[in-house]
Number of protein chains: 2
Amino acid sequence: MKGNAVYKGAYNRCLDYLADMTIDEKLPSTSELASRLAVSRTTARSVLVSLTSAGVLRLDEIGHSLQRAPEAGDYFPEKQTMSAAAAVERRFMEWILQGDFRAGQLLNSSELARQFGTSTTTIREYLTHFHHFGLIERRPNSAWVFRGITADFAEEVYEVREMFEMRSASHLIQMPKSAPCWRELAEIEAQHHDILADIDVRYKEFPALDERLHRLVHDASRNRYVIEFYNIASAIFHYTYQWNRDDEKERNTRALKQHLVYIAGLRNRDMHAVNASLKSHLDSARTTLMKSIELGPFKVTGTPAITS
Amino acid sequence: MKGNAVYKGAYNRCLDYLADMTIDEKLPSTSELASRLAVSRTTARSVLVSLTSAGVLRLDEIGHSLQRAPEAGDYFPEKQTMSAAAAVERRFMEWILQGDFRAGQLLNSSELARQFGTSTTTIREYLTHFHHFGLIERRPNSAWVFRGITADFAEEVYEVREMFEMRSASHLIQMPKSAPCWRELAEIEAQHHDILADIDVRYKEFPALDERLHRLVHDASRNRYVIEFYNIASAIFHYTYQWNRDDEKERNTRALKQHLVYIAGLRNRDMHAVNASLKSHLDSARTTLMKSIELGPFKVTGTPAITS
DNA sequence: TCTCTGTCTCTTATATACATAAGACAGTTG
DNA sequence: CAACTGTCTTATGTATATAAGAGACAGAGA
């Protein structure tokens, strides 16, 4: 009834760990292994047993030791290491991304359960959770409604995002010079320069860096609502980013440059400069999202970025 | 397996409806009755059947007619008209309110299910939902942690509330003169004067009016995140309001007067006045909440405001 | 004494079961 | 033919069942 994704994930992580060991080396205690794999001793234990029967480990009087180096074929497929809930989240987002749902469409949990190959329990749990993204509405005793990624949606997300990030930035610039965020910010800034210097090749690294910078700022708010909102928004951005790949390099270049102005403002603790640069950066980000929405989702069949 | 709270609620609402009818009067069609009771025809139908066997209605060739006036004893107790989920929400809030949970305490769903007399499914659904209040944190594959209504919590809620309400107010004052919100605002203002004129008796009406005013403002934002936040925050305020009854009349009087200044600012579409008055009002509201938190929850056993 | 290990108990995550509620359909009546 | 009604099908809300996973405990070895 309960999937064994935890076990499979731990199994894979254990293989990674074994890769750094030499043949015949003895393994640490189950307690230590368990905490290294971030699971309970119970799970660590069953991983040891199966690795032994797979011939990777050997068990003798002194305990488990490495028998042979792990190979690619020993791993469980990554898909199986996701819990049912996580798998539903990913599939659901992909459906939205691919335009399989239209705005206003009614979703019903039994149908979704059938199509996603899980139970209604899991679907329900996910739909309740997802409700907070603002994309789904509940009709009690009836179906759910998909509200759609529309222009309204984008306006509302960006309105909140702008308020929250400005506020967070004002917290950030009040941090003492010794706070770790300044070091992190310096690293982020350096990465911007690195990528810009080799933009033709590395422009695809922008989204991850963008996420890192904005998360640093939001985290400075130390406000659970602000941080939670950014978690949600960044998941949405992550998925919708795929919708429009026109001029990707140019857009990313422009955004990187805007970031540098923004970062300079933060480092100078100049709130006016911060507000101005952040506003113009978010305005172009919003425009990009709006354009993606106008274009609508494209079919992504075969795009490795989605399925991997 | 599924409770029949919908049926019982509809049954009670139907009794209310029948109270306005005269003996022997014929009932409307099931479709019309169903939409009046806000349920499906199926449910309306079973209400008719049971009201008939209870002797309130009579069925003959021409259909159902009123046989006798409904009495207080015909109603289902209000508790039974709440869905299991709603009942859990109320009980959970009461537990928090009464200090049955301490900050940092671990909650586990089986235990809660036992104590609340429901299934773990319902508890889980509720905990997931409640997670977004920022009061509960999830440890995957393990227990939940109650973070507590602490000073930090109050600061974070009020920080967001202030941002959201100022923004919403700026939307409100841009509404055309013909928008229905101005009429509603005028009514709210009049109610303030009414209550102030008879404050010794009516000061307890303040919380409901407070909720009405602030909701009106938040709704003007037409932003789902802002409105959803206020839904959550107002539930928290509703429950924590009970924590501190010292100087209740004085506090409410002061707040009513602050509201009037705020309302005047809104009606004059004077954003400066709005910002200033809102800020000072929210500051005193926050101070009140902070004080309640310092005092901590009191045992409310027997307080009718909670159990009714 | 400390840590490690095997065993046992209890919880969580998920699937399934099932009564209530919603809504579709078709026959009926005015 | 338009609205109303009875019947039927399907879905939701909630309880229960169960495998996977977490952690407690006590005995064993250093």
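Numbers restart at 1 for each chain; the letters A, B, ... are given by sequence-line order, proteins then strands.
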### Message
Using a distance-only criterion (donor-acceptor N/O pair, under 3.5 Å, no hydrogens), is the base of D:dT12 paired with the side chain of A:T120?
### Response
no
### Task
Please state how far atom NZ in B:K8 lies from atom P in D:dG13, giving the value in whole angstrom units.
18 Å
### Task
Could you tell me whether the phosphate oxygens of C:dA22, OP1 or OP2, come under 4.0 Å of any side-chain nitrogen or oxygen in B:S40?
yes
### Query
Does A:R138 make a side-chain N or O approach to OP1 or OP2 of D:dG13 shorter than 4.0 Å?
yes
### Query
Which ranges of DNA chain D pair up as stems, where a stem means three or more consecutive Watson-Crick or G-U pairs with both distances under 3.5 Å?
C:1-30 with D:1-30
### Query
Are A:S109 and D:dT12 close enough that a side-chain N or O sits under 4.0 Å from OP1 or OP2?
yes
#### Entry: Electrostatic pair A:E211-A:R215, nearest N-O below 4.0 angstrom
yes
### Message
Can you confirm whether B:N231 sits close enough to B:I227 that some side-chain heavy atom of one is under 4.5 Å from a side-chain heavy atom of the other?
### Response
yes
### Query
Roughly, in whole Å, what's the span from CG in B:L48 to P in D:dG6?
10 Å
#### Entry: Close side-chain approach of A:Q67 and A:V56, heavy atoms under 4.5 Å
no
#### Entry: Ion pair A:R58/A:D24, N-O distance below 4.0 Å
yes
### Message
Please confirm whether the shortest side-chain N or O distance from A:S110 to OP1 or OP2 of D:dT12 is below 4.0 Å.
### Response
yes
## Note on the structure
CZ (A:F92) and CZ (A:F133) are apart, to the nearest 0.5 Å, by 10.0 Å
## Note on the structure
Result for 5'-nearest mapping on DNA chain C, choosing between A:S29 and B:R114, is A:S29
### Message
Taking 4.0 Å as the cut-off, does a side-chain nitrogen or oxygen of B:T42 come that near to OP1 or OP2 on C:dA22?
### Response
no
### Query
Under a 4.0 Å N-O cut-off, is there an ion pair linking A:E125 with B:R138?
yes
### Query
So does A:T121 reach the base of C:dA15 with its side chain, donor to acceptor, closer than 3.5 Å?
yes
### Query
In whole angstrom, what separates B:L37's CG from C:dA21's C1'?
14 Å
### Query
DNA chain D: B:S83 or B:S142, which has the more 5' nearest nucleotide?
B:S83
### Base D:dT14 paired with B:K2 side chain (donor-acceptor, <3.5 Å)
no
### Message
Check this one for me: any side-chain N or O of A:T30 less than 4.0 Å away from OP1 or OP2 of C:dT5?
### Response
yes
### Message
Does a side-chain N or O of A:T122 approach OP1 or OP2 of C:dA15 to a distance below 4.0 Å, or not?
### Response
yes
### Task
Please state how far atom CH2 in A:W144 lies from atom P in D:dG13, giving the value in whole angstrom units.
8 Å
### Query
When only distance counts, do a donor and an acceptor, one from the side chain of A:R45 and one from the base of D:dG21, lie under 3.5 Å apart?
no
#### Entry: Integer-rounded Å distance: C:dT5 P and A:L33 CG
10 Å
### Query
Do NZ/NE/NH1/NH2 and the carboxylate oxygens of B:D74 and B:R68 come within less than 4.0 Å?
yes
### Atom pair distance, as rounded to whole Å: CD1 in A:I62 and P in D:dG29
17 Å
### Task
Examine the base of D:dG21 for any acceptor or donor lying under 3.5 Å from a partner atom in the side chain of A:R41, and report the outcome as yes or no.
no
### Query
Does any N or O in the side chain of B:T43 come within less than 3.5 Å of the main-chain N or O of B:V39, such that one atom is a donor and the other an acceptor?
no
### Nearest-Å distance for atom pair CD1/C1', residues B:I123 and D:dT14
12 Å
### Task
Would you indicate which nucleotide in D:dT5, C:dT14, D:dA22 comes nearest to any side-chain atom of B:S31?
D:dT5
### Summary
Judged by nearest nucleotide, the residue sitting upstream toward the 5' end of DNA chain D, A:S46 or A:P140, is A:P140
### Task
Starting from the 5' end of DNA chain C, give me the residue, B:E111 or A:G3, whose nearest nucleotide shows up first.
B:E111
### Query
Is there side-chain contact between A:F130 and A:I96, with at least one heavy-atom pair below 4.5 Å?
yes
### Query
Given atom CD of A:Q115 and atom P of D:dA11, what is their separation to the nearest angstrom?
12 Å
